[in-house]
Amino acid sequence: MAGSVQILGTGQLIQLSRRMRRAGGPRLRQNFSRRIRRAAEPLHKDLQQAIRRQPLVSEGRKAGKRGGPSPTTRPLRATLAQGIRISVRSGSSPGARIWIDKSRLPDDVKNMPWVINDGRVRHPVFGNRKRWATQWARPSGWWTKTITNGTPRMSAEVNRVLGDVRRDLE
């Protein structure tokens, strides 16, 4: 799974960034960054919704097995959704990037977004490392499918913003 999605269109964005710097318009740069961020926000929201709605199914308890309370009180999917971030740059390498910030995730779930994307989650049962359970994320590929579906919309919006800013500079 790709760790992030970036819309760069490097040639056009770099030329535009240089022209904005020459024009000396901090207001123009702020407007550009704000509009690029707005172009990325729908994909950001879609990714957060995708992980929140991702079902994890298991085999269930076997006959005669006991259960117990969860060792953690935090909701897994909501925690993962909070780690999805947007960053926008308008300097030397301008563009928008949507990524998972591992520093915003608890230590024990730092790799969980990629594990869930792959479709198979193995974990100790209630923290007991002698007993392991397997859960399935069906359908798998929450990140890759959402990125594939959302990137064309984001690219089209970025191209529209580029055209508008280019017209403002002329």
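Hydrogens, waters and symmetry mates play no part in the numbers below; they use all other heavy atoms, side chains included. Along the sequence shown, residues carry numbers from 1. Everything numeric here is computed off the predicted structure, so don't read it as measured data.
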TODO: Of all the heavy-atom pairs spanning P124 and R129, show the shortest one and how long it is.
DONE: CG-NH1, 3.6 Å

TODO: With side chain to side chain contact (heavy atoms under 4.5 Å, CB included) as the test, would you mind laying out the steps for T146 and I51 before giving the verdict?
DONE: CA-CA 10 Å; T146 308; I51 190 61; over 6 Å; no

Task: Check: W142 side chain, P113 main-chain N or O, donor-acceptor pair, under 3.5 Å - done: yes

- [ ] Please check if the side chain of Q48 supplies one atom and the backbone of L43 the other of a donor-acceptor pair under 3.5 Å.
- [x] no

Open item on the list: Please check if the number of heavy atoms outside R34 that lie under 6.0 Å from its CZ is greater than 12.
Closed with: yes

TODO: Quick one: pull up CG in D101 and CG in L105 and give me the separation to the nearest 0.5 Å.
DONE: 7.5 Å

Open item on the list: Using the side-chain hydrogen bond (donor to acceptor under 3.5 Å, both in side chains) criterion, which residues pair with R122? Sequence neighbours excluded.
Closed with: T134

TODO: Mind checking side-chain hydrogen bond (donor to acceptor under 3.5 Å, both in side chains) for R120 and listing every partner two or more places apart, or none if nothing turns up?
DONE: none

TODO: Indicate the atoms forming the closest heavy-atom contact of V88 with S33, along with that distance.
DONE: CG1-O, 3.8 Å

Task: For the student: nearest non-hydrogen atoms of V125 and W132, plus distance - done: CG2-C, 3.9 Å

TODO: Kindly compute the distance separating CH2 (W143) from CD1 (I84), expressed to the nearest 0.5 Å.
DONE: 5.5 Å

- [ ] Side-chain contact test, heavy atoms from C-beta onward, threshold under 4.5 Å: evaluate it for H123 versus Q135 and give yes or no.
- [x] yes

Open item on the list: Starting from W136 and following side-chain heavy-atom contacts under 4.5 Å between hydrophobic residues (I, L, V, M, F, W, Y), which residues can be reached?
Closed with: V57

TODO: State, to 0.1 Å, how close M154 and A40 come at their nearest heavy-atom pair, and which atoms those are.
DONE: CE-CB, 3.7 Å

- [ ] Measure across Q54 and P139 and return the closest heavy-atom pair with its distance rounded to 0.1 Å.
- [x] NE2-O, 3.0 Å

Open item on the list: Holding to salt bridge (charged side-chain N to carboxylate O under 4.0 Å, His left out), I want the full list of residues that pass it with R160, two or more places apart in sequence or in another chain.
Closed with: E157, D164

TODO: Kindly state each residue pair satisfying salt bridge (Lys or Arg N to Asp or Glu O under 4.0 Å) with at least one member in residues 40-55, sequence neighbours excluded.
DONE: D46-R153

Open item on the list: Using the side-chain hydrogen bond (donor to acceptor under 3.5 Å, both in side chains) criterion, which residues pair with K102? Sequence neighbours excluded.
Closed with: N111

